[in-house]
Amino acid sequence: MIRVISQLFFKLLLASFCLSGESGCGKSTLVAHWLKQLTSSYPQVVTIPHFVGCDSGSSDITNFMRRCTSELRLQYLDSDVDDLADNHDLSDFTRVVEAFRAAISLGPSVIVLDGADHLGHALDVAAFKVKEMQWLPSSVPVSCRIIVTTTRADITYRALSQRKDAYCIDMPRLFDIRGKNDLLKDYVGSNYKYLDATRLSKITSSNLAHLPLFYVALSSELRILGAHKNADRLLESYVHASTLFDLWSLIFRRWTHDYGWLRPAVSRSPVPAIKAQVSRDRMNSGWVADVLRLFALSREGLSESEALGALQIMGYIKNYEVTKAHWEMFRLITEHALIEMPSGLLTFPHQSVRGTVEIALLGNLTSPSQERAVSPAFHENWERQKLQGHTVLSSFFSKQPSSGRMVDELPWQLKMSGNMDALSKTICEPRVFIRLVSLKGEQRRRVDLSSYWSVLKQANHKPEEILYQMAVKAEERLRSESKKVTKRDVRSASSKTREFSAIDELCRKSSDEEFSQLEVALVHYSSGKFLAEKGHDVMAQNLLLNAYKMAYPVVSVKDIYLICDIQESLGNFYLKLSEPSKAMFWLNGALRSVAEMTRVSDTVRHLI
């Protein structure tokens, strides 16, 4: 039957395709197989897969649309120009939709949206509105094919089934006994011989036997149960599970019982322990349960070193420490419950695993933890568990050196924990703020900054004042030799081209290191431009003018673009204020800087 569906898919490639089925039936695997065939058969066609649940931002449809827009423009327009660079556009759902609709008509493309039933809210649009699929054009362009997987009970299925240009089909159940046995043998491997006819019959006739994910979840357990003293009892409980949630709950219970231990009741950890760890149930106790919670509460997953470091902050130290050997055992038993991404981060491969952790270990019965910040209105134990996890992770990442990973995770953890004071100070720290606004190709970070800014404003904070004071105080961190520079630096252009750019240098610095004059200028420029976009004109004008004053005498060949950017920003700023003469002065200056940059570049090439 699967082969028939695959053949039907390629015959109906001229129509958008909706594949529906219950969780764990193999929709994602089948779509991944189709993508592999498509890329080999039609290499000229752009394929863009998007798997909802792979990280915290994947459930936001605007992230999906921005990615499609960017990749299609790059392929068919040979341009990575970002029309959504303005912060107003980044927060405008309608503008994002318009750009997406225009991009999918540029050329042949196949776009996959796997797990549409797990889409959440996007910007100011509620989840149920997103799932009504109104962001799709009324008629998808002939050159674009969209594949969507969802469940039949979800709003997305109803919306797609009512479209004339969409073909909907249900994923068939696995009924063939031989197929079930082959699937089990492939996953269990050599331990398949442990299963006699009676055990095989119990497994293949269980309530979940029609779901391929059932065999995936069961396989790791079966490889271990051969030597387990309660093997038959455990197997009996697994095959009688009525849902994937029940199955994963039973598996987690065994893990925490067999491999976990509690941290000391009294710990010097900065994070207070929760007595009895929410429940008397052993399933909720110990480091195995704690690390699964941390994975669920992380933004994109955790690496091995990050997970072990976070456990130490929780109090698993000295005699209670989780060693490398314990971790290797954990990775062995969670082979199919956690996957390692190309980035080295470990995360949940399927929504059923994450959902079980959310409900059984975090007690979260509302929206997923990655979509909801801690609420001060709740004082229940399950809310305290969520707060504790975010506090642990924010404490860990706050101690890490400046990096893209730290900038992606730390502010998000502070937002989710509801720590607005720490969030405002963190995003206004120079090394963090510059990474959020200045690095090319990091559109998501600009979106993040707008999100953090909005949350702070809603909480009656004044982040603009903190940002302005940070920029002003940056001048106090000037190196003593930088304060002596008053004239334009005319050292050899060829020698200066080998230096790191000011952005690179600034992002590498710790919070107490001194700044060069050019780095201070960069802080003032970035802060001023952002404040101008947010409507704080007086602060923005002061910072932009001071940025030019400080950058002009010391700018190098590698950073000469900074002078041009400052002049252009001042020109646009005065245009907004309806002062055309000042705007013309600065925009003409930007043009002269471009000409000088071209001349110097030509000179350097001749010298080399």
Side-chain angles (χ1 to χ4, degrees), residues 16-32 35 48-68 93 100 111-123 125-136 146-161 166 168 170-171 211-213 216-217 243-245 247-248 292 295-301 336-339 341 345 347-362 364-373 386 412 416 444:
S16 296
F17 204 85
C18 173
L19 184 63
S20 64
E22 61 183 301
S23 179
C25 68
K27 301 186 298 294
S28 301
T29 303
L30 182 58
V31 167
L35 279 177
I48 306 176
H50 182 84
F51 297 93
V52 179
C54 62
D55 60 45
S56 65
S58 61
S59 62
D60 187 335
I61 197 63
T62 57
N63 290 335
F64 162 74
M65 288 190 285
R66 290 191 195 101
R67 179 190 167 200
C68 293
F93 186 82
F100 169 75
I111 299 173
V112 174
L113 179 59
D114 180 52
D117 50 307
H118 294 288
L119 288 172
H121 66 86
L123 300 178
V125 180
F128 78 92
K129 280 288 186 183
V130 171
K131 290 186 175 187
E132 288 176 350
M133 310 295 281
Q134 294 298 317
W135 46 270
L136 282 175
I146 298 178
I147 305 170
V148 179
T149 70
T150 185
T151 58
R152 195 177 180 88
D154 194 68
I155 300 174
T156 51
Y157 179 82
R158 185 191 64 185
L160 290 169
S161 63
C168 299
D170 293 333
M171 189 75 176
L211 298 176
L213 186 60
V216 174
T243 65
L244 287 174
F245 168 80
L247 176 63
W248 283 117
L292 288 172
F295 278 116
L297 294 173
S298 65
R299 184 178 189 181
E300 299 175 340
H336 297 301
L338 290 171
I339 59 169
M341 305 293 283
L345 301 180
T347 189
F348 300 115
H350 197 272
Q351 288 288 356
S352 65
V353 188
R354 179 182 295 278
T356 304
V357 175
E358 290 271 1
I359 297 173
L361 299 183
L362 283 167
N364 185 17
L365 301 177
T366 56
S367 58
S369 289
Q370 290 184 324
E371 295 183 15
R372 181 183 60 80
K386 179 174 167 61
W412 187 84
M416 299 306 287
R444 175 178 173 180

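Quick caveat: nothing in here was measured; it's all calculated off a predicted structure.
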side-chain hydrogen bond (donor to acceptor under 3.5 Å, both in side chains) partners for [X], two or more places apart:
X    : answer
S352 : W248, H350
K131 : D154
N63  : R66
T243 : D246

Legend entry - Derivation of the side chain to side chain contact (heavy atoms under 4.5 Å, CB included) call for F128 and I155: CA-CA 7 Å; F128 78 92; I155 300 174; 4.0 Å; yes
Inset, instruction - Would you please classify the geometry between the F64 ring and the W135 ring as parallel, tilted or perpendicular, with 30° and 60° separating the classes? - result: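 If you compare the ring of W135 with that of F64, the planes turn out perpendicular.
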Is any side-chain heavy atom of [X] closer than 4.5 Å to a side-chain heavy atom of [Y]?
X    : Y    : value
I359 : F245 : yes
C25  : M171 : yes
L338 : F348 : yes
Q134 : K129 : no
L244 : S23  : yes
I146 : L136 : yes
T347 : E300 : no
L119 : V52  : yes

Inset, instruction - State which residues pass ring-ring contact (aromatic ring centres under 6.0 Å, His included) with H336; sequence neighbours excluded, sorted by chain then number. - result: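 Counting only residues at least two positions away or on another chain, H336 forms a ring-ring contact (aromatic ring centres under 6.0 Å, His included) with Y187.
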Inset, instruction - Using the test side-chain contact (heavy atoms from CB on, under 4.5 Å), find all partners of A122 that sit at least two apart in sequence or belong to another chain. - result: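 Per chain and number, A122 pairs via side-chain contact (heavy atoms from CB on, under 4.5 Å) with D60, I61, T62, F93, V130.
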Inset, instruction - Begin from the C-alpha positions of D117 and T156 and carry the test side-chain hydrogen bond (donor to acceptor under 3.5 Å, both in side chains) through to its verdict. - result: CA-CA 6 Å; D117 50 307; T156 51; 5.7 Å; no
Legend entry - Modelled atom types, side-chain donor and acceptor of S20 and D170, under 3.5 Å: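 Side chains of S20 and D170: pair found under 3.5 Å.
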Legend entry - Side-chain donor/acceptor of T149 to backbone N/O of L19, under 3.5 Å: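 Not a single qualifying donor-acceptor pair exists.
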Inset, instruction - Measure from the side-chain N and O atoms of K27 to the backbone N and O of V148, and report whether any donor-acceptor pair falls under 3.5 Å. - result: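 Between the backbone of V148 and the side chain of K27 there is no qualifying donor-acceptor contact (under 3.5 Å).
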Inset, instruction - Check step by step if side chain to side chain contact (heavy atoms under 4.5 Å, CB included) holds for S58 and F51. - result: CA-CA 7 Å; S58 61; F51 297 93; over 6 Å; no
